[in-house]
Amino acid sequence: MPAHQKRYLRPSVVPQPLLHRWYAWPYLLAPHTGALNLRDRLLPIVDSYLKAPHLHDAVIADPHRYGAPFLDPDGATLDEVRAARETMVKEGQAKLQLADDIAELRALLREKALGGPMEPLYPLVPASLRGRVELVYDTAHRPTFRFFEALMYGSPAYERHGQCVSLTAAAPSAQPFVYSSPVLPRADRLDIDLPFDSPVWDELFAARLDPVDVPQLAQRLGVCDADLPAFTELFHDTPPPQHTPPAPGDVRVRYFNHATVLIETGTTSVLLDPLIGYTGDGHEHYTLEDLPRHIDAVVISHFHSDHFSLETLLQLRTRIGTIVVPRASGGSLPDTSLKSMLQALGFTNVQELAELETHRVADQVDVTALPFVGEHADLDIRTKMVPLVRAGGRRFLFATDITPLEPALFDNIPGLTSTPLDALFIGLECVGAPLKWLYGPMLEGKLSREHNNGRRLKGSNAAQADELAQQLGARHVYAYAMGLEPWLKHLTGSEFDPEAEQVQQAGVLTRLSAERGITAELLRDRAERIWPAVDPAKP
């Protein structure tokens, strides 16, 4: 390659953010929840594998058990898994100490916080939590504590030294489930040990749009001489296609996959819950190449890993005007602040919205946070919202994974039911995983099997979705956010199965809607619809 020739990052390149060799999903990224997950979920899976690899091999060979807590070494030897575990423990010492200290603080409060003042207990708080928590009672006089979350990201347990990005030239055809298996080094992976907030990552991902001097960038990323040929192969001379906005006066809505939807006018763009696939992965879908160069607002509806993807967000960091997130409730363990996390990850313009608050994106484009009920297994988690996006006089409601348990909620929201919605997007994950599947490491005390299985991470069924659509006067209904895309299986744990209850419910919703003369559709792979803009002042 001629000296100083500038080249583009290939659109097929996949950068997976890793923390202690595990895919960096949200509850692992936050220091306090990550501590409990490392100690009580991830290391036990590795230890179980090292003790009985044949058992894990038998389970992962059964496709019906994909997503179960069994490790897939993905070609790694037993010695390589053992060495990875030693590194996890060595690099994760501060996290493991924090997990032990959380348990110690819980025991302290159970023993000594019996209704009297908390003041004498502060000197007894374990060192890693000292000055980073407040001891409180709830209104039933039960003791607990809350984190000052922004301070947790300045603690030793926010282990930036364990962060890296693993680059592959193309998306693997199949990958182990990220909650169960670490991403171990392989010959086809180029691991770069830079923390996620490094601005050098912005230089790499900017090369998707503008060419860069590859050797100079390699030097800034710390790529060694032996890896330079592999790094160079991630680039080519072909510029990306030019993004074409919708025609003036139109509102274009594009479904990328799962819960990712792009709303565009001729001058403004809003991207919801971005989790985006790659060019050349063997599937038909929109990719990063189909995004505008500048995205005015990215909206994150809630904290789950199929709605908050650091892998996608990191690649868009310099292209996003504002990230709009639900307001955190104040530091309870499972109710983690998206704003604090994003700021620690190098995102500077993050806007929190409380319920019914609105963020104005541009003229005739705004986002309002509506209450979100359901899908969180009845835990007191408030960092979640149902985004209502207004664009060009059109209204689109993204109900993601809600369970509309109480219709009066929507009647109480001013103006919501008085004007018909142009489209309701709603998830029909009506089965869902049990409570402990996601929140197990953060729970305190025993939970019966009955209650664990009864409290599920589930959304609406067809009847509930249809009732909500009628209540809101939705002209179109779209079932989405159901984990149907095969290229996301390693993140969602599922893929399209025509016999699955969720897919069957989508068929029921289509029939119920048709009986009322309304269009309903199950979104999968990709879709686009264009609405002419209207004057919202006119009926």
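The minimum heavy-atom distance linking Val251 with Gly392 is given by the pair CG2-CA, 4.0 Å. Closest heavy-atom contact between Val324 and Ala297: CG2-CB, 4.5 Å. Taking all atoms of both residues into account, the shortest heavy-atom contact from Val13 to Leu234 is CG2-O, 3.6 Å. Across Leu428 and Ala479, no two heavy atoms sit closer than the pair CD1-CB, 3.8 Å. Across every non-hydrogen atom of Pro15 and Tyr278, the tightest pair is CD-OH, 3.3 Å. Scanning all heavy atoms of the two residues, the minimum distance from Met385 to Ala369 falls at SD-CB, 3.3 Å.
For residues 301-321, every residue pair satisfying the salt bridge (Lys or Arg N to Asp or Glu O under 4.0 Å) rule, not counting sequence neighbours, is listed here: Asp202-Arg317. Sorted by first and then second residue, the ring-ring contact (aromatic ring centres under 6.0 Å, His included) pairs involving residues 321-354 (not counting sequence neighbours) form an empty list. Residue pairs satisfying the salt bridge (Lys or Arg N to Asp or Glu O under 4.0 Å) criterion with at least one member in residues 334-351, sequence neighbours excluded, are absent. Each salt bridge (Lys or Arg N to Asp or Glu O under 4.0 Å) pair with one or both residues in residues 256-283, not counting sequence neighbours, appears once here: Arg252-Glu264. Within the structure, every pair that satisfies the salt bridge (Lys or Arg N to Asp or Glu O under 4.0 Å) test and touches residues 503-513, not counting sequence neighbours, is listed here: Arg511-Glu515.
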Worked verdict on Val165 versus Leu194 for side-chain contact (heavy atoms from CB on, under 4.5 Å): CA-CA 7 Å; Val165 172; Leu194 274 182; over 6 Å; no

With side-chain contact (heavy atoms from CB on, under 4.5 Å) as the test, would you mind laying out the steps for Leu262 and Leu291 before giving the verdict? CA-CA 8 Å; Leu262 176 67; Leu291 293 174; 4.3 Å; yes

As a quick check of understanding, evaluate side-chain contact (heavy atoms from CB on, under 4.5 Å) for Thr238 and Tyr8, giving each step before the final call. CA-CA 7 Å; Thr238 306; Tyr8 298 90; 5.9 Å; no

Under the side-chain contact (heavy atoms from CB on, under 4.5 Å) criterion, do Phe425 and Val389 qualify, and how do the steps go? CA-CA 11 Å; Phe425 293 77; Val389 180; over 6 Å; no

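Checked by atom type and distance alone, the side chain of Gln471 pairs as donor or acceptor with a backbone atom of Pro407 at under 3.5 Å. Thr168 places no side-chain N or O within donor-acceptor distance of the main-chain N or O of Asp188, the cut-off being under 3.5 Å. In this structure a side-chain-to-backbone donor-acceptor pair under 3.5 Å is present from Ser460 to Ile402. Of the possible polar contacts, one joining the Gln464 side chain to the Asn461 backbone as a donor-acceptor pair under 3.5 Å is found. Using a distance-only test at 3.5 Å, with no hydrogens or angles considered, no donor-acceptor pair links the side chain of Arg395 to the main chain of Leu388. For Thr33 (side chain) and Leu29 (main-chain N/O), no donor-acceptor pair under 3.5 Å exists by modelled atom type. In terms of modelled atom types and a separation under 3.5 Å, the side chain of Asn412 and the main chain of Ala408 share a donor-acceptor contact. In this structure, Glu429 contributes its side chain and Gly432 its backbone to a donor-acceptor pair below 3.5 Å. Looking at Ser198, its side chain does come within 3.5 Å of a backbone N or O of Val200 through a donor-acceptor pair. Under the 3.5 Å distance criterion, the side-chain polar atoms of Asp290 are matched with a main-chain donor or acceptor of Thr287.
Between Trp25 and Leu491, the closest side-chain pair of non-hydrogen atoms is not below 4.5 Å. Two residues are said to be in side-chain contact when any heavy atoms from C-beta on lie closer than 4.5 Å; Ser332 and Asp380 fail this criterion. Proximity of Leu397 to Phe410: side-chain heavy atoms (C-beta onward) are nowhere separated by under 4.5 Å. Put simply, the side chain of Leu288 reaches to within 4.5 Å of the side chain of Leu316, judged on heavy atoms. At least one side-chain heavy atom of Glu375 sits less than 4.5 Å from a side-chain heavy atom of Leu457. Side-chain contact between Leu379 and Arg455: present, with at least one pair of heavy atoms (C-beta onward) separated by less than 4.5 Å. Looking only at side-chain heavy atoms (C-beta outward), Phe256 and His285 stay at 4.5 Å or farther from each other. Within the 4.5 Å cutoff, the side chain of Asp296 has no heavy atoms near those of the Val270 side chain.
With Tyr27 as reference, Phe303 is the one residue of Trp22, Trp437, Tyr179, Phe303 to meet the ring pair (Phe, Tyr, Trp, His ring centres under 6.0 Å) rule. Of the residues listed (Val299, Thr400, Leu272, Leu275), the one engaging His307 in a side chain to side chain contact (heavy atoms under 4.5 Å, CB included) is Thr400, and it is the only one. Of the candidates Phe148, Phe196, Tyr158, Tyr153 forms a ring pair (Phe, Tyr, Trp, His ring centres under 6.0 Å) with just one, namely Tyr158.
Arg382 CZ: 12 or fewer foreign heavy atoms inside a 6.0 Å radius. For Arg526, the CZ atom counts as densely surrounded, since its 6.0 Å shell holds more than 12 non-hydrogen atoms of other residues, nucleotides or ligands.
Under the salt bridge (Lys or Arg N to Asp or Glu O under 4.0 Å) criterion, Glu495 pairs with Lys489, not counting sequence neighbours. Take Phe372 and apply the ring-ring contact (aromatic ring centres under 6.0 Å, His included) test, not counting sequence neighbours, and it matches His302, His376. With sequence neighbours excluded, the residues forming a side-chain contact (heavy atoms from CB on, under 4.5 Å) with Asp525 are Glu485, Trp487, listed by chain and number. With sequence neighbours excluded, the residues forming a salt bridge (Lys or Arg N to Asp or Glu O under 4.0 Å) with Arg390 are Asp366, listed by chain and number. Under the rule for a side-chain contact (heavy atoms from CB on, under 4.5 Å), the partners of Asp197 that lie at least two apart in sequence or sit in another chain are Arg160, Pro195. For the salt bridge (Lys or Arg N to Asp or Glu O under 4.0 Å) test, residues two or more places apart in sequence or in another chain that qualify with Glu357 are Arg327. Every residue two or more places apart in sequence or in another chain was checked for a salt bridge (Lys or Arg N to Asp or Glu O under 4.0 Å) with Arg529, and none qualifies.
Rounded to the nearest 0.5 angstrom, Ile300 CD1 and Leu271 CG are separated by 8.0 Å. A distance of 10.0 Å separates OG1 in Thr318 from CD in Glu203, rounded to the nearest 0.5 Å.
Using a cutoff of 4.0 Å between basic side-chain nitrogens and carboxylate oxygens, Asp422 and Arg475 are scored as salt-bridged.
At a cut-off of 3.5 Å, with distance as the only test, a side-chain donor of Gln5 or Asp237 sits close to an acceptor on the other residue. Counting only N and O atoms by type, the side chains of Thr279 and Glu289 include a donor and acceptor under 3.5 Å apart. Side-chain contact, His304 with Asp401: no donor N or O sits under 3.5 Å from an acceptor N or O.
Using bins of under 30°, 30° to 60° and over 60° for the plane-to-plane angle, the ring pair His32/Phe147 lands in the tilted bin. Below 30°, between 30° and 60°, or above 60°: for Phe396 and Trp531 the angle between ring planes is above 60°, a perpendicular geometry.
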